[in-house]
Amino acid sequence: MSAYFETATGDLASEALHSFADVHADLVSADSRFGFLTARHPAETRTVGLLSGGGSGHEPLHGGYVGRGMLDAAVPGRVFASPHNRQVYEASLAVARPGGVLHLVKNYTGDRINFGIAAERLAHKGIPCARVLIDDDLASDAEGIAAGRRGTGGTVLVEKILGGAADRGMGLAELQDLGERLVAGCRSLAVATAAHTSPATGGPAFTLDEGLLEYGVGIHGERAGSTVSRRPLAELVERMTTELLDALPADVPVMSLVNGLGATTLLELYAAHGQLARVLRGAGVPLARSLVGNYITSLDMHGFSITLMAADPTALGLYDAPVHTPALRW
């Protein structure tokens with residue numbers, strides 16, 4: 001039996017979506033037929049609509065980032081499952097602007113297929129559509145992984161910065177180029193001491209012996225390439241940060257995201273950020289901006305991820321642009 005509370009319809013994701021829209025009715029609305037969220041008050045300066053989506057279970061991603069300064073629409077699938085291409089297509093029609101629509105897609109096979117089919121249908125309808133593929137996960141950067149690096153925590157930073165750019169009236173090709181440059185300068189790494197609870201079995205998705213840690217876990221609960229002994233937080237964060245820096249351009253400022261995967265306390269996350277800042281200072285890398293909290297979760301997994309993104313003045317200016325969504329605002 002599942003450990004999660006059951007709903008009358010058995011469709012937890014759908015019921016949560018519509019309840020979310022009711023709670024945040026000043027910011028978003030839900031399409032009851034196809035199951036997606038749209039922003040009620042996007043900036044009138046936009047010439048391109050921004051759309052993202054993916055499986056449920058990662059809240060507040062993506063619905064929490066629908067609103068002024070970020071996404072025009074978010075399309076959720078079932079738990080850890082891609083949205084259907086019809087959902088993506090209909091949501092794209094709803095938010096496309098004169099300059100078209102940009103899809104922000106995490107690099108998972110199902111997402112690539114369904115967003116790709118939707119893009120083909122939009123092309124047949126004469127609506128310009130482009131894609132930014134987000135593949136920031138350092139742990140899946142291996143020859144044996146055919147799909148390539150997964151899309152993880154960097155998604156939040158990409159959505160925020162491109163939202164600021166779209167509000168300035170940037171066109172489709174410009175937004176795509178900026179997004180690809182952001183992704184190229186962004187890497188993430190996640191660890192976990194306990195798996196999420198499987199909705200299907202009610203038990204842990206995987207088990208770890210006492211004193212072990214999954215190093216490089218995925219946001220869908222994918223096992224890491226290595227299981228290592230648990231070390232003090234300072235040592236763990238230093239290893240993670242050093243590997244991330246080695247994968248990024250040298251001698252440039254960075255922005256960071258220390259992200260909880262669902263069951264990690266803010267005490268732990270802020271302590272991890274403190275160690276991250278220490279390592280960056282020691283490496284002579286300026287930390288330009290920081291986010292700490294639960295921004296892209298994995299149900300109730302006990303773990304955290306660190307994301308670092310190269311931060312040039314353009315990216316920083318767009319990151320600082322006003323945002324007003326259910327989950328992020330300044």
Side-chain angles (χ1 to χ4, degrees), residues 17 20-21 24 26-54 60-77 82-106 111-112 114-134 151 155-183 318-319 321-329:
L17 175 78
F20 181 88
H24 301 288
D26 57 325
L27 299 176
V28 303
S29 59
D31 180 275
S32 59
R33 182 178 180 190
F34 297 106
F36 58 83
L37 294 169
T38 56
R40 287 190 179 274
H41 308 292
E44 296 179 358
T45 50
R46 288 198 174 192
T47 63
V48 174
L50 296 186
L51 183 149
S52 192
L61 197 84
H62 292 273
Y65 307 124
V66 174
R68 185 177 289 266
M70 286 191 78
L71 298 175
D72 291 287
V75 185
S82 168
H84 191 275
N85 63 79
R86 179 68 183 273
Q87 289 177 277
V88 179
Y89 172 71
E90 295 292 344
S92 299
L93 290 180
V95 300
R97 300 295 185 89
V101 61
L102 181 66
H103 290 167
L104 309 181
V105 184
K106 300 190 302 300
D111 291 339
R112 292 179 64 168
N114 283 299
F115 276 86
I117 293 172
E120 291 177 359
R121 296 186 64 190
L122 291 167
H124 286 307
K125 201 172 181 65
I127 296 175
C129 179
R131 181 188 75 176
V132 171
L133 187 67
I134 302 168
T155 308
V156 178
L157 300 180
V158 171
E159 290 178 355
K160 172 63 192 77
I161 294 170
L162 289 183
D167 280 358
R168 294 187 182 181
M170 194 175 286
L172 185 61
E174 293 175 289
L175 287 168
Q176 182 183 33
D177 179 68
L178 173 59
E180 290 174 348
R181 287 190 281 116
L182 292 171
V183 171
L318 295 170
Y319 177 86
V323 59
H324 194 76
T325 70
L328 196 67
R329 57 186 69 184

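Computed from a predicted structure; not experimentally measured. Note that these values count all heavy atoms, side chains included, but never hydrogens, waters or copies made by symmetry.
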key: Sequence neighbours excluded, every pair satisfying side-chain hydrogen bond (donor to acceptor under 3.5 Å, both in side chains) that has a member inside residues 30-40   = Ser29-Thr38
Listed once per pair and sorted, the side-chain hydrogen bond (donor to acceptor under 3.5 Å, both in side chains) pairs that draw on residues 156-165, sequence neighbours left out = Ser52-Glu159, His62-Glu159
Arg68: salt bridge (Lys or Arg N to Asp or Glu O under 4.0 Å) partners, not counting sequence neighbours = none
ask   = What residues, two or more places apart in sequence or in another chain, satisfy salt bridge (Lys or Arg N to Asp or Glu O under 4.0 Å) together with Arg329?
value = none
Decide yes or no for [X] and [Y]: does some side-chain heavy atom of the first lie under 4.5 Å from some side-chain heavy atom of the second?
X	Y	value
Val101	Leu122	yes
Leu17	Leu37	yes
Val28	Pro326	yes
Leu50	Leu162	yes
Leu157	Leu182	no

ask   = Under 3.5 Å, side chain of Thr325 to main-chain N/O of Gly64, donor-acceptor pair present?
value = yes
remark   = Contacts satisfying salt bridge (Lys or Arg N to Asp or Glu O under 4.0 Å) that involve residues 168-183 (not counting sequence neighbours) are Asp177-Arg181
For the [atom1] atom of [X] and the [atom2] atom of [Y], what is their distance to the nearest 0.5 Å?
X	Y	atom1	atom2	result
Tyr65	Met70	OH	CE	6.5 Å
Asn85	Arg121	CG	CZ	6.5 Å
Leu51	Cys129	CG	SG	8.5 Å
Leu104	Thr155	CG	OG1	8.5 Å

Under the ring pair (Phe, Tyr, Trp, His ring centres under 6.0 Å) test, residues paired with [X] that sit two or more places apart:
X	value
Tyr319	Trp330
His84	none
Phe36	none

Mind listing the closest non-hydrogen atom pair of [X] and [Y] along with its distance?
X	Y	result
Val132	Val183	CG1-CG2, 3.9 Å
Ser82	Asn114	OG-ND2, 3.1 Å
His103	Ala118	CE1-CB, 4.5 Å
Val66	Ala74	CG2-CB, 3.4 Å

For [X], give me all partners under side-chain contact (heavy atoms from CB on, under 4.5 Å), at least two apart in sequence or on another chain.
X	answer
Pro128	Leu172
Pro83	Val75, Gln87, Val88, Asp111, Phe115
Ala165	Met170, Leu175, Leu178, Leu318
Arg112	Asn107, Arg131, Leu133

key: Derivation of the side chain to side chain contact (heavy atoms under 4.5 Å, CB included) call for Leu93 and Ile127   = CA-CA 8 Å; Leu93 290 180; Ile127 296 175; 3.3 Å; yes
